[in-house]
Amino acid sequence: MTSASPSGRAGLDAVAADPAGALIASDFDGTLSAIVPEPSDARGYPGAADALAALAAKAGTVAIITGRPAADAVAFGGFAGVSGLIVLGHYGAERWQDGTVTAAPVPPGVAVVRDRLPGVLAAEGAADGVRIEDKGTALAVHTRQAADPAGEFERLREPVGRLAEQTGLTVEPGKFVLEIRPAGTDKGGTLKALVRERGARSVVFCGDDLGDLPAFDAIRGLRAEGVPGCAVASRSPESPQVADAADLVVEGPAGIVTFLRALCSRLPLLWQQVPRT
């Protein structure tokens with residue numbers, strides 16, 4: 001674990017000083033869960049659910065913001081028993097809370113992409129191992145299992161991007177994945193909206209991938225507005241830009257769990273901060 005930047009330390013100090021006003025949020029894949037070749041095989045990293053539950057007993061808001069369907073992140077992570085947890089799936093288009101999922105309407109362009117995407121990949125001669133993941137409100141092209149994951153990723157960026165543009169959608173690049181989803185939804189906007197909804201007075205966000213960079217940008221923007229915060233990177237050799245943009249860098253999901261436990265140890269019980277009625 002590296003030392004936090006001065007701004008990051010100030011954010012963590014603000015969380016410790018006022019847990020009731022803190023929002024502690026995290027990505028799922030690569031952060032609370034190890035990256036695996038098959039997305040459906042992902043599981044919460046050992047200790048992640050317990051760390052979130054301990055934080056939820058002390059902090060004002062604990063949340064997960066992920067590109068996955070919200071219910072999948074809950075099920076795969078083993079988070080259903082984390083009291084008070086909010087899970088925002090599809091970059092904020094879905095919300096899981098208290099066992100209930102609510103979702104925004106799916107734009108018609110998603111259905112068009114679902115129909116056309118296999119043909120686009122076939123026309124480009126996509127390599128064996130390239131696969132499509134249907135997320136309901138988005139579709140993802142994974143190249144991780146191809147013989148040349150990086151080469152296929154770069155080669156397919158343009159045709160996948162053209163299809164997204166033709167259907168009024170956008171492409172979010174990640175670790176050997178190109179996700180086609182509705183425009184105007186990213187983790188930065190979702191994090192800011194949750195901060196305002198919850199009246200958070202400090203914020204922490206943990207992430208590992210390119211799709212987490214907007215959330216790190218949101219942390220910096222919120223600091224400029226007077227809301228202290230800390231951006232925490234789960235280091236990944238596939239996305240070094242994320243570590244470069246963070247206030248604090250830890251080593252993968254194991255480091256995130258250790259960080260969350262350490263942060264929790266600094267916080268008194270929430271009932272000691274907020275008068276009980």
Side-chain angles (χ1 to χ4, degrees), residues 25-45 64-70 72-73 76-77 87-94 110 113 117 120-121 126-127 129-146 148-165 169-191 205-218 231-246 249 252-253 256:
S26 178
D27 174 41
F28 178 69
D29 291 284
T31 308
L32 296 173
S33 171
I35 295 292
V36 293
E38 178 57 50
S40 62
D41 291 337
R43 295 295 181 267
Y45 197 83
I64 295 170
I65 303 175
T66 175
R68 283 185 180 270
D72 284 359
F76 296 162
V87 180
L88 302 176
H90 293 313
Y91 298 87
E94 282 189 352
V110 173
V113 168
L117 184 57
V120 168
L121 297 183
V130 173
R131 57 178 296 274
I132 297 171
E133 180 188 6
D134 192 332
K135 297 185 174 185
T137 61
L139 290 103
V141 178
H142 293 269
T143 68
R144 180 175 295 277
Q145 297 185 54
D148 179 11
E152 284 298 289
F153 177 86
E154 291 300 329
R155 193 170 68 82
L156 294 173
R157 285 185 77 151
E158 184 177 348
V160 170
R162 283 199 305 269
L163 177 60
E165 184 177 1
L169 303 176
T170 190
V171 174
E172 183 70 43
K175 293 179 181 176
F176 302 138
V177 60
L178 298 163
E179 182 164 317
I180 307 174
R181 57 180 176 80
T185 57
D186 65 37
K187 292 182 182 180
T190 297
L191 181 62
F205 184 83
C206 306
D208 74 304
D209 204 351
L210 299 179
D212 298 312
L213 289 176
F216 286 10
D217 288 340
V232 182
S234 169
R235 191 193 304 273
S236 164
E238 296 167 353
S239 300
Q241 310 95 311
V242 180
D244 292 342
V249 181
I256 291 294

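- Although no hydrogens or angles enter the test, the distance criterion places no donor-acceptor pair under 3.5 Å between the side chain of Glu133 and the main chain of His142.
- Considering CD1 of Ile35 and CG of Asp41, their distance stands at 12.5 Å, rounded to 0.5 Å.
- When all heavy atoms of Pro39 and Arg68 are compared, the pair lying nearest together is O-NH2, 2.6 Å.
- Here the closest heavy-atom approach between residue Val232 and residue Phe216 is recorded as O-CZ, 3.4 Å.
- Rounding to the nearest 0.5 angstrom, the gap separating the OG1 atom in Thr66 from the CD atom in Glu94 is 10.0 Å.
- Note that CG of Leu121 is 5.0 Å distant from CD1 of Ile132, once rounded to the nearest 0.5 Å.
- Shown here for Gly207 and Val242, the closest heavy-atom pair between the two residues is O-CG1, 3.9 Å.
- Checked for salt-bridge contact, Lys187 and Glu172 miss the test: no charged N lies under 4.0 Å from a carboxylate O.
- Closest approach of Phe153 and Val177 over heavy atoms only: CE1-O, 3.3 Å.
- Using a 4.5 Å heavy-atom threshold, the side chains of Pro253 and Ser234 count as touching.
- Residues Ile65 and Ala25 share a closest heavy-atom pair of CD1-CB, 4.5 Å.
- With sequence neighbours excluded, the residues satisfying side chain to side chain donor-acceptor pair (under 3.5 Å) with Glu179 are Lys135.
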task = Start with the C-alpha distance between Arg162 and Glu165, add both sets of side-chain angles, then the distance that settles salt bridge (Lys or Arg N to Asp or Glu O under 4.0 Å), and finish with yes or no.
result = CA-CA 5 Å; Arg162 283 199 305 269; Glu165 184 177 1; over 6 Å; no
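- Qualifying salt bridge (Lys or Arg N to Asp or Glu O under 4.0 Å) partners for Glu152, counting only residues two or more places apart in sequence or in other chains: Arg155.
- In this structure, CG on Leu117 lies 9.5 Å from CG on Asp134, to the nearest 0.5 angstrom.
- For the pair Leu210 and Pro173, the tightest heavy-atom approach, listed with the atom from each and the gap, is CB-O, 3.5 Å.
- Asp72 meets the side-chain contact (heavy atoms from CB on, under 4.5 Å) test with Pro69, Phe76; sequence neighbours excluded.
- Residues passing the side-chain contact (heavy atoms from CB on, under 4.5 Å) test with Glu238, sequence neighbours excluded: Arg144, Lys175, Phe176, Ser236.
- Under the salt bridge (Lys or Arg N to Asp or Glu O under 4.0 Å) criterion, Asp209 pairs with no residue, sequence neighbours left out.
- Applying the side-chain contact (heavy atoms from CB on, under 4.5 Å) test between Ile64 and each of Thr31, Val87, Leu88 identifies Val87 as the sole match.
- The backbone N or O of Phe28 sits nowhere less than 3.5 Å from a side-chain atom of Ser33 that would complete a donor-acceptor pair.
- Evaluation of the side-chain contact (heavy atoms from CB on, under 4.5 Å) rule for Val171 yields Val160, Ala164, Leu178, Ile180 as partners, not counting sequence neighbours.
- Proximity of Asp27 to Leu32: side-chain heavy atoms (C-beta onward) are nowhere separated by under 4.5 Å.
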